[in-house]
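Before any comments, here is the structure.
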Amino acid sequence: MSARYTLHGLFASGPTYKVGLMLTLCGEAFDYVSVNLRAGEHKTPEYLAINRFGQVPALVDHSNGRALCQSGAILDYLADKTGKFGGATLDDRLRAREWLFWGWDKLDAPVYRLRGWKLGFRQLEAPQVAMYEAERKAAFETLEAWFTAGHDWLAGVEPTIADIDIYGVVAYAGQSEYDVAQHPHVQAWMHRMQALPHFAAHDALLPHETRRAS
Ligand SMILES: N[C@@H](CCC(=O)N[C@@H](CS)C(=O)NCC(=O)O)C(=O)O
């Protein structure tokens with residue numbers, strides 16, 4: 001029998017990892033379709049029907065036929081459907097969303113783009129590298145200040161989709177050649193994330209090939 005959810009993504013994709021991590025932490029088995037970006041599979045009419053932006057990830061919920069895109073929106077949806085990681089109170093839910101939008105504004109682009117450049121996926125000119133390096137440092141300082149102030153999690157007193165979303169970026173900082181050890185409180189939060197039941201690291205969670213839920 002097919003799983004309720006199918007995740008369409010790419011093993012090397014941080015946004016795909018965010019959704020895979022959410023599903024895994026929620027204990028939701030999911031089918032996985034590997035999308036070959038080099039072959040342009042994300043721009044075919046079939047794929048554009050489930051993600052009009054032509055990107056990975058996309059999530060299909062077979063219980064109602066919904067196809068969703070944008071990793072942050074997918075995390076929000078899964079929190080709603082599973083009743084997990086959405087935040088215990090309205091304030092926590094609002095704070096979690098604030099961190100999601102902050103991440104996209106300040107953290108994701110510098111980390112993912114510098115990672116892509118280091119791994120040879122993306123071309124950057126020297127001024128862009130300098131700009132992203134400065135933005136990455138500033139974003140990590142924001143996170144470090146938050147956790148230094150005594151917060152264990154980004155929103156409220158338990159992990160939420162904010163932590164999952166931001167972890168799905170910070171986990172790639174090393175590949176962008178950024179040393180997270182210079183931010184001990186961020187590193188301690190990462191260890192708290194890694195200690196959550198069902199946690200899986202990005203290189204272990206995302207398969208290279210299409211696979212059915214086990
Ligand atoms: N904001 C999107 C970003 C997704 C994204 O950047 N996906 C990349 C792979 S990591 C992609 O599909 N790139 C191909 C393209 O944009 O054409 C999300 O969070 O889902």
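Note that the structure is a prediction, hence the values are computed from the model and not measured. Order of appearance sets the numbers: ligands from 1, and atoms from 1 within every ligand.
- Annotation: salt bridge (Lys or Arg N to Asp or Glu O under 4.0 Å) contacts involving residues 157-172, sequence neighbours excluded, comprise Lys18-Asp165.
- In this view, Ala188 and Arg192 satisfy the side-chain contact (heavy atoms from CB on, under 4.5 Å) rule, not counting sequence neighbours.
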### Query
Where do Lys137 and Glu133 land on the salt bridge (charged side-chain N to carboxylate O under 4.0 Å, His left out) test, with the steps shown first?
CA-CA 6 Å; Lys137 181 169 182 289; Glu133 285 178 346; over 6 Å; no
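- Of the candidates Lys118, Arg115, Arg136, Arg136 is the only one forming a side chain to side chain donor-acceptor pair (under 3.5 Å) with Ser176.
- When heavy-atom distances to ligand 1 are checked against 4.0 Å, the residues falling inside are Ser13, Pro15, His42, Lys43, Gly54, Gln55, Val56, Pro57, Gln70, Ser71, Trp104, ordered by chain and number.
- The stretch residues 45-89 participates, sequence neighbours left out, in no ring pair (Phe, Tyr, Trp, His ring centres under 6.0 Å) pair at all.
- Partner Trp102 forms a side chain to side chain contact (heavy atoms under 4.5 Å, CB included) with one of Leu143, Asp108, Leu154 and no other, that one being Leu143.
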